Amino acid sequence: MPRITVIGSLNMDMVITTPKIPVIGETVLGSGFAMFPGGKGANQAVAAARLGGDVTMIGCVCEDFFGKELISNLANNGVNISHIQKTDNCATGVAMIVVKDGDNLIIVDPGANSKLEEQQIQNMELIIAESKMLIIQLEIPQKTVLKAMQLARKHNVQVLLNPAPASKLSDELLALVDICTPNETECEILTGITIKQIKDAEKAVRYLNKKDIPIVIVTMGAKGVVYNQGDKIVHKKATRVRAVDTTGAGDAFSGAIAVALTQGVALADAIDFASMVGAITVTKRGAQASFPSIEEVRAFKAEII
Ligand code: ADP
């Protein structure tokens with residue numbers, strides 16, 4: 001089976017609900033505390049593995065409790081964890097999420113994610129070279145991202161960049177991308193084009209094509225996706241579902257596109273597949289908890305046809 005290598009972040013998300021946001025120096029009683037494995041890298045690795053992909057994750061955690069938990073969660077989802085790096089001079093990445101009346105306050109400490117260095121990626125050249133596709137995001141240092149992409153290009157490995165969190169990127173880096181999957185916000189930051197309507201996304205796709213990215217797929221939530229098939233721009237509507245929590249939809253979409261394309265599925269069909277995966281994800285709460293298995297996608301497809 002074609003191997004997918006994911007290079008990216010691993011975080012432990014800690015969620016607590018509060019009736020009141022405390023002021024400086026104040027303590028309040030919250031409720032419903034829970035921890036969820038996250039990080040865009042790990043999320044995309046899990047999404048692809050649940051869909052039947054042969055997935056190897058490269059990332060960095062600390063040798064602490066959360067680091068061990070995150071690694072065992074990936075292993076339990078069938079992701080190859082042998083190349084995850086461990087550091088002992090900081091903490092594993094965490095996100096502290098405070099929820100009040102459905103709104104969030106979030107503090108992220110990237111911790112070990114920011115210790116994933118170019119040299120460690122250089123040491124993984126063979127792993128990258130033996131992959132069919134590299135999936136990468138921007139929650140690790142940008143120099144590390146560039147190094148990984150350069151190695152992928154050297155070995156003719158396709159690069160899928162999910163450019164999240166939203167950042168401006170150099171033309172040098174963009175030219176190393178084969179497939180780019182920004183959401184509307186990420187697309188605006190990348191291109192400087194405000195994305196309100198489908199025609200704005202079309203403009204942005206053209207702009208990124210001109211930056212030497214052969215396939216650009218702008219994900220637009222319930223509005224679906226706008227992408228290019230060669231010179232032709234296509235708008236694919238989203239599958240209509242009752243959305244309860246959109247967390248992780250983009251991660252599920254990127255993982256799914258990678259699985260389909262590496263298995264030789266044509267682009268339009270791969271987009272259909274990933275859109276179904278995104279739609280299923282928003283019908284359930286949580287990020288990884290809502291990613292479907294390949295069997296769930298088949299059952300969903302049978303229902304909507
Ligand atoms: P992100 O999570 O990065 O913001 P999106 O919200 O654009 O990404 O979601 C990715 C994809 O998931 C969408 O392009 C669409 O295919 C699917 N999706 C997201 N939200 C919905 C929704 N409310 N209804 C149906 N499909 C959705």
Side-chain angles (χ1 to χ4, degrees), residues 6 8-9 11 13 36 38-48 50-51 95 97 102 104 106 108 135-139 160-167 179-191 194-198 200-202 204-205 208 215-229 233-261 265 267-292 296-297 300-301 303-305:
V6 179
S9 57
N11 284 335
D13 295 346
F36 304 97
K40 289 180 191 298
N43 284 351
Q44 291 172 25
V46 167
R50 289 226 183 118
L51 296 166
I97 303 166
N104 289 336
I106 304 179
V108 175
I135 307 184
I136 198 157
Q137 323 73 24
L138 304 171
E139 287 186 335
L160 185 156
L161 172 69
N162 176 238
S167 322
I179 304 150
C180 190
T181 56
N183 67 14
E184 290 153 293
T185 318
E186 291 146 11
C187 195
E188 280 191 21
I189 301 288
L190 274 183
T191 64
T194 308
I195 313 285
K196 290 228 153 52
Q197 301 170 26
I198 301 301
D200 305 323
E202 290 177 2
V205 170
L208 290 170
I215 303 176
V216 178
I217 307 167
V218 181
T219 68
M220 303 179 74
K223 294 203 279 291
V225 299
V226 172
Y227 69 100
N228 71 295
Q229 171 97 54
I233 306 262
V234 184
H235 171 216
K236 157 90 189 157
K237 287 194 176 156
T239 316
R240 285 182 63 143
V241 289
R242 185 185 296 271
V244 297
D245 176 10
T246 60
T247 316
D251 291 335
F253 186 94
S254 286
I257 270 284
V259 170
L261 291 177
V265 173
L267 182 61
D269 296 332
I271 299 268
D272 283 355
F273 175 71
S275 301
M276 273 190 272
V277 169
I280 297 170
T281 300
V282 303
T283 63
K284 296 186 258 175
R285 293 209 177 276
Q288 291 185 17
S290 63
F291 297 164
E296 270 179 271
V297 184
F300 180 81
K301 189 175 175 184
E303 230 173 76
I304 60 171
I305 284 176

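Just follow the structure's listing: the first ligand is 1, and inside any ligand the first atom is 1. These numbers come from a predicted model, not from an experiment.
To the nearest 0.5 Å, atom CD1 of residue Ile106 and atom CD1 of residue Ile97 are 4.5 Å apart.
Residue contact check: Ala238 has heavy atoms under 4.0 Å from atoms 25 (C), 26 (N) of ligand 1. Of all the atoms in ligand 1, the ones that sit under 4.0 Å from a non-hydrogen atom of Val241 are 24 (N), 25 (C). Residue Gly224 has at least one heavy-atom neighbour below 4.0 Å for each of these atoms of ligand 1: 14 (O). Taking every heavy atom of Val282 and a limit of under 4.0 angstrom, the matching atoms of ligand 1 come to 19 (C), 20 (N), 21 (C), 22 (C). Close approach to Gly278 involves these atoms of ligand 1, each under 4.0 Å from a residue heavy atom: 12 (O), 17 (C).
Salt bridge status for Glu184 with Lys223: present, with a side-chain N to carboxylate O gap under 4.0 Å.
With a heavy-atom cut-off of 4.0 Å, Glu186 does not touch ligand 1 at all. Only side-chain heavy atoms of Ala243 come within less than 4.0 Å of ligand 1; its backbone N, CA, C and O stay farther off. Contacts between Thr185 and ligand 1, counted as non-hydrogen atom pairs separated by less than 4.0 Å, are absent for every part of the residue. Using a 4.0 Å cut-off between heavy atoms, Thr219 contacts ligand 1 through both its backbone and its side chain.
The distance criterion of under 3.5 Å between nitrogen or oxygen atoms is not met by Val225 with respect to ligand 1. Residue Asp251 has no nitrogen or oxygen atom sitting less than 3.5 Å from a nitrogen or oxygen atom of ligand 1, judged on distance alone. For Gly250, a nitrogen or oxygen atom sits less than 3.5 Å from a nitrogen or oxygen atom of ligand 1, counting backbone and side chain alike.
The single protein non-hydrogen atom nearest to atom 16 (O) of ligand 1 is Ser275 CA, 3.7 Å, given as residue, atom name and distance.
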